[in-house]
Asker: 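This structure is in structure tokens; I'll ask about it shortly.
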2 protein chains.
Amino acid sequence: MTLDETDRAILRALAQNADQSTSRLGQKLGLSQPATWRRIKRLQEAGVIAGRRLMLDSASLGFGVTVFLGVKLATKGRVSLEDFERAIGAIPEVQTVEHVLGLYDYRVRVIARDLADFERVLRRRIMTLPGVGDVEANVLLSEERLSGPLEQ
Amino acid sequence: MTLDETDRAILRALAQNADQSTSRLGQKLGLSQPATWRRIKRLQEAGVIAGRRLMLDSASLGFGVTVFLGVKLATKGRVSLEDFERAIGAIPEVQTVEHVLGLYDYRVRVIARDLADFERVLRRRIMTLPGVGDVEANVLLSEERLSGPLEQ
DNA sequence: CTTGAAAAGAACTGCCT
DNA sequence: AGGCAGTTCTTTTCAAG
């Protein structure tokens, strides 16, 4: 799909604030409300805008610890990949499972109430999964999300 | 803040679909439209709902490659941390910068048009940053985001 | 908590340039 | 592609039980 400068300006504005009305957005860009709305709808139908996701504050819900795991599988048959994905996806504390190429096979984002709670999840639920080999852990200190080149 | 079962049901529903109206959501939960609206507003004011974020499809915008970097700094003074964060945050291809505790100091999510483009970013922009030591890379194959325990 | 109503605003449609 | 006008839906506030 081809994006002109106006489309990029719309994506840039919506990336900063996804909760603004089409009329307000149009005013900023010197566009009418229906024109703005039609462009957004076109971007949605083209799949460029995949949707809007709710951002939950894990800390205010009592989950103070976020840990990134690098997981290497011991046995990597096709079956074991799917078994592992199904099993780790069933753990409530697991937020994202990323299948990756490199030193590790999977990157997993886990949240827990505190470090003691995380140790429980790691020992009782993750280390016992089928096919798990080496596991590396990184505790999140701070995180910054940037606009990226997508809207530029 | 204290959440009852209805609050959790609202979070669960909105996590699945952030674009549904308060009246439709209320119907599912057996709640009136104003009651649903008041609960959502209360969750927003309490900071539990941090906002809504636009999801952009990087592939449809020509960015077919996502790479996770683990970065170890060579020198870790307070100044060098801030210098590094400022410098890597200024690279357009960098989407998230996470300061972590463990084998690496930072986890960085980078997108690029293809692997050749990623190599350019890695060699020209990232490896040349101040204080960068070891760098480990994992190429994303597939990704799954789960609802997690936040809404349960 | 509920229902009902009313006002404001946002989204959507059709027509025209 | 864009604007204008009108319709429909949602959000928001209010009154009352």
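Reminder, nothing fancy here: chain letters follow the sequence lines and each chain counts from 1. Since the structure is predicted, the reported quantities are computational estimates derived from the model, not experimental observations.
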Asker: Side chain of A:R39 only, please: which of D:dT13, C:dT2, D:dA1 is the nearest?
Answerer: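 From the listed options, D:dA1 comes nearest.
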Asker: Could you check how far CD of B:Q44 sits from C1' of D:dT12, rounded to whole Å?
Answerer: 13 Å
Asker: Heavy atoms only: give me the nearest B:Y104-B:K72 pair and the separation to one decimal.
Answerer: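 Distance-wise, the nearest heavy atoms are CD2-N, 4.0 Å.
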Asker: Do the rings of B:F84 and B:Y106 sit parallel, tilted or perpendicular, given the 30° and 60° boundaries?
Answerer: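 Rings of B:F84 and B:Y106: tilted, 30 to 60°.
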Asker: In whole Å, what is the span from the CG atom of A:D19 to the P atom of C:dG9?
Answerer: 18 Å
Asker: In whole angstrom, give me the gap between the C1' atoms of C:dA7 and D:dG17.
Answerer: 22 Å
Asker: Any ion pair linking B:E143 and B:R109 (charged N to carboxylate O, less than 4.0 Å)?
Answerer: yes
Asker: Provide, to the nearest angstrom, the distance between the CH2 atom belonging to B:W37 and the P atom belonging to C:dA8.
Answerer: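 To the nearest whole Å, that distance equals 16 Å.
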Asker: Could you check A:R42 against B:K41 and say which one's nearest nucleotide on DNA chain D is further toward the 5' end?
Answerer: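 First, find each residue's nearest nucleotide; the 5'-ward one identifies A:R42.
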Asker: Check whether any side-chain nitrogen or oxygen of A:T22 sits under 4.0 Å from OP1 or OP2 of C:dA11, and answer yes or no.
Answerer: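 It does, given that an N or O in the side chain of A:T22 lies less than 4.0 Å from OP1 or OP2 of C:dA11.
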Asker: With respect to the side chain of A:P34, which nucleotide from C:dC12, C:dG4, C:dT2 is positioned closest?
Answerer: C:dC12
Asker: Check this for me, if you would: do B:R38 and B:E45 make a salt bridge, where the nitrogen-to-carboxylate-oxygen distance has to be below 4.0 angstrom?
Answerer: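 B:E45 and B:R38: not salt-bridged.
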Asker: Among the nucleotides D:dG3, C:dA10, D:dT13, which one has an atom lying closest to any side-chain atom of A:L31?
Answerer: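 The answer is D:dG3, which lies nearest to the side chain.
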Asker: Is there a continuous path of hydrophobic side-chain contacts, each under 4.5 Å between heavy atoms, that joins B:L141 to B:V108?
Answerer: yes
Asker: Is it the case that the base of D:dG3 and the side chain of A:R38 share a donor-acceptor contact (distance under 3.5 Å, atom types as modelled)?
Answerer: yes
Asker: Starting at the 5' end of DNA chain C and moving along, which residue's nearest nucleotide shows up first, A:Q20 or B:S32?
Answerer: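 Its nucleotide being nearer the 5' end, the pick is B:S32.
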Asker: Scan A:G30 against the nucleic acid and name what it touches under 4.0 Å (heavy atoms): base, sugar-phosphate only, or nothing.
Answerer: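 Sugar-phosphate contact only.
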Asker: Could you state the CG-C1' distance from A:L25 to C:dG9, rounded to the nearest angstrom?
Answerer: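 Value for this atom pair: 16 Å.
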Asker: Ignoring hydrogens and angles, answer whether the base of D:dC4 and the side-chain atoms of A:Q33 contain a donor-acceptor pair closer than 3.5 Å.
Answerer: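 In this structure, the two groups form no donor-acceptor pair.
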Asker: Nearest whole Å is fine: how far is D:dT11 C1' from A:R24 CZ?
Answerer: 14 Å
Asker: Once you round it to whole Å, what is the distance between C1' of D:dA1 and CD1 of A:I40?
Answerer: 16 Å
Asker: Let me know the distance between CG of A:L43 and C1' of D:dA1, rounded to the nearest Å.
Answerer: 14 Å
